[in-house]
2 protein chains.
Amino acid sequence: MLTIGALSRKTGTKVQTIRYYEQINLLPEPERTAGGQRRYRNTDLDRLSFIRHGRQLGFSLEAIRELLTLADHPQQSCSQADSIARRQLEQVQQRLLRLKALEQELQRMISECTGGDSGDCRVLEVLRDHSECLTDHNNIGE
Amino acid sequence: MLTIGALSRKTGTKVQTIRYYEQINLLPEPERTAGGQRRYRNTDLDRLSFIRHGRQLGFSLEAIRELLTLADHPQQSCSQADSIARRQLEQVQQRLLRLKALEQELQRMISECTGGDSGDCRVLEVLRDHSECLTDHNNIGE
DNA sequence: GTTACGACCTCTAGCCGCTAGAGCTTCAAG
DNA sequence: CTTGAAGCTCTAGCGGCTAGAGGTCGTAAC
């Protein structure tokens, strides 16, 4: 039986975050001591590790919720999990494209900066005048 | 004199967002008609375009606030603007690295998926067992 | 047995950057 | 003068936590 602190250390998740996951029903309510403190089993450790790993892969908590449901029902087809992962991959690839464009533009901006007055600062100028921007930004780069 | 709607269209910024920028003092309070509606000048258009372009480059609103201050005081050195941009570039590059790692792992996960039961689904299995993960995730990939 | 102290508890509010909706008023064209 | 789009304010919500206040519990040492 693990305390919340022990679970926190084992999974690299902050205590507050664990309680948050319980609150949004991503983790089940654990047993409590007579005094009201949470005590966790290894199944909770597994579930939290799964969640954390999903987060590290950039899945949203909602996607993780779906994946957990699928993991709990092994008779259902794997293709659903697969399509969630594919969706996630697409999102990652889109973000990659945008970030690469951003990197280029930032680099160009910086490399052209002479370090003089901000009156003729390239960085500020590029920001001021969008027409100097080579990049196609449809969405805001996050 | 532009209405908020016209400004919205010209900059691709939602009306609510423009009011939000005013609220957090990123845009100055514009003149108002007798009836209380906002009316904007071209300087406001420029300032908002600057902000939007900064956002497209991934700068935080606080970074943009700094950049705007620098742009308003041309006698100050450009090196401050430069260092803000460099900071931003570093962040972008770090995110790129992490996203590339994520992409790899997602691809591996998906390519190994056979489409059978989720009982032996690679996607779920990788999530379950972190030791199968080749990637070094220190932070959560966003 | 008591005391000390860290770890736990709940609850509330805040972060960023918007976004949405309710319920009202103003503006401009016909 | 009427209509209807576009404006207004105010409040609350999104995701995914994070922080702090102010209190209680558990355990080890004395």
Side-chain angles (χ1 to χ4, degrees), chain A residues 1-27 29-40 44 48 50-68 88 91 95 98 137-142, chain B residues 1-27 29-40 44 48 50-68 88 91 95 98 137-142:
Chain A
M1 291 298 233
L2 301 163
T3 64
I4 197 168
L7 189 63
S8 163
R9 263 168 269 123
K10 272 174 189 276
T11 59
T13 313
K14 298 206 171 162
V15 166
Q16 300 283 51
T17 305
I18 296 173
R19 290 199 277 248
Y20 171 70
Y21 288 163
E22 179 184 329
Q23 195 185 306
I24 61 168
N25 296 311
L26 213 54
L27 285 177
E29 290 182 26
E31 283 178 59
R32 302 268 187 154
T33 61
Q37 298 196 356
R38 289 168 179 82
R39 289 296 180 269
Y40 293 94
D44 299 312
L48 182 53
F50 187 107
I51 294 169
R52 285 274 99 188
H53 197 186
R55 290 294 297 137
Q56 286 167 340
L57 288 166
F59 289 97
S60 69
L61 292 181
E62 278 322 296
I64 290 170
R65 202 189 291 277
E66 285 185 74
L67 289 167
L68 278 167
Q88 176 61 18
Q91 280 174 24
R95 274 194 235 148
R98 282 201 287 119
H137 309 294
N138 295 321
N139 290 82
I140 280 189
E142 173 56 9
Chain B
M1 293 297 235
L2 301 163
T3 63
I4 199 169
L7 189 62
S8 163
R9 262 168 269 123
K10 273 174 189 274
T11 60
T13 314
K14 297 208 171 161
V15 166
Q16 300 282 50
T17 304
I18 296 173
R19 290 199 277 248
Y20 170 70
Y21 288 162
E22 179 184 330
Q23 196 184 303
I24 62 168
N25 296 311
L26 214 53
L27 284 178
E29 289 181 25
E31 285 177 58
R32 301 268 188 153
T33 61
Q37 296 195 359
R38 291 168 178 83
R39 287 297 180 268
Y40 294 94
D44 299 313
L48 182 53
F50 186 108
I51 295 170
R52 285 274 99 187
H53 196 186
R55 290 292 297 136
Q56 285 166 341
L57 287 165
F59 289 97
S60 70
L61 292 181
E62 278 324 294
I64 290 170
R65 201 189 290 278
E66 286 184 74
L67 290 167
L68 278 167
Q88 177 63 16
Q91 280 175 24
R95 274 193 235 149
R98 282 200 287 118
H137 308 294
N138 296 322
N139 291 82
I140 280 189
E142 177 48 10

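FYI, side chains are in, hydrogens and waters are out, and symmetry mates aren't considered; it's all heavy atoms of this structure. Chain A is the first sequence line, chain B the second, and so forth, proteins listed ahead of strands; every chain is numbered from 1.
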Any protein N or O atoms within reach of nucleotides 25-29 of chain D? Criterion: under 3.5 Å, listing atom names and distances.
from	atom 1	to	atom 2	distance (Å)
D/dG26	OP1	A/T33	OG1	2.8
D/dG26	OP1	A/G35	N	3.4

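- Proximity of A/Y21 to the phosphate of D/dC17: a side-chain N or O atom is located under 4.0 Å from OP1 or OP2.
- Judged as a side chain to side chain donor-acceptor pair (under 3.5 Å), and not counting sequence neighbours, A/S8 has no contacts.
- Every residue was checked against the side chain to side chain donor-acceptor pair (under 3.5 Å) condition with B/T3, not counting sequence neighbours, and none meets it.
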Show me the protein contacts with nucleotides 1-3 of chain C, counting only N or O atoms at under 3.5 Å.
none

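- Applying the side chain to side chain donor-acceptor pair (under 3.5 Å) criterion to A/E62, with sequence neighbours excluded, gives A/R65.
- With sequence neighbours excluded, the residues that form a side chain to side chain contact (heavy atoms under 4.5 Å, CB included) with B/K14 are B/T17.
- Across residues 2-14 of chain A, A/T3, A/I4, A/G5 each have a non-hydrogen atom less than 4.0 Å from an atom of DNA chain C (numbered order).
- Residue contacts for A/R38: at a heavy-atom cut-off of 4.0 Å it reaches the sugar-phosphate backbone alone, with no base atom in range.
- A sub-4.0 Å separation between OP1 or OP2 of C/dC18 and a side-chain N or O of B/R52 is present.
- A/E31 meets the salt bridge (charged side-chain N to carboxylate O under 4.0 Å, His left out) test with A/R41; sequence neighbours excluded.
- Look at A/R32 and you'll find a side-chain N or O under 4.0 angstrom from OP1 or OP2 of C/dT10.
- Remark: B/Q16 pairs with B/R19 by the side chain to side chain contact (heavy atoms under 4.5 Å, CB included) rule, at least two apart or across chains.
- Contact between the side-chain N/O atoms of B/R55 and the OP1/OP2 oxygens of C/dC18 is found at a separation under 4.0 Å.
- Nearest nucleotide to the B/V15 side chain, out of C/dC18, D/dC17, D/dG7: D/dG7.
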Is there any protein nitrogen or oxygen under 3.5 Å from a nitrogen or oxygen in nucleotides 1-3 of chain D, and what are the pairs?
none

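- Between the C1' atom of C/dT26 and the CD atom of B/E31 lies a distance of 17 Å, rounded to the nearest Å.
- For A/E22, the side chain to side chain donor-acceptor pair (under 3.5 Å) test picks out A/R38, with sequence neighbours left out.
- For B/Q16 against C/dG21, a side-chain N or O and a base N or O form a donor-acceptor pair under 3.5 Å.
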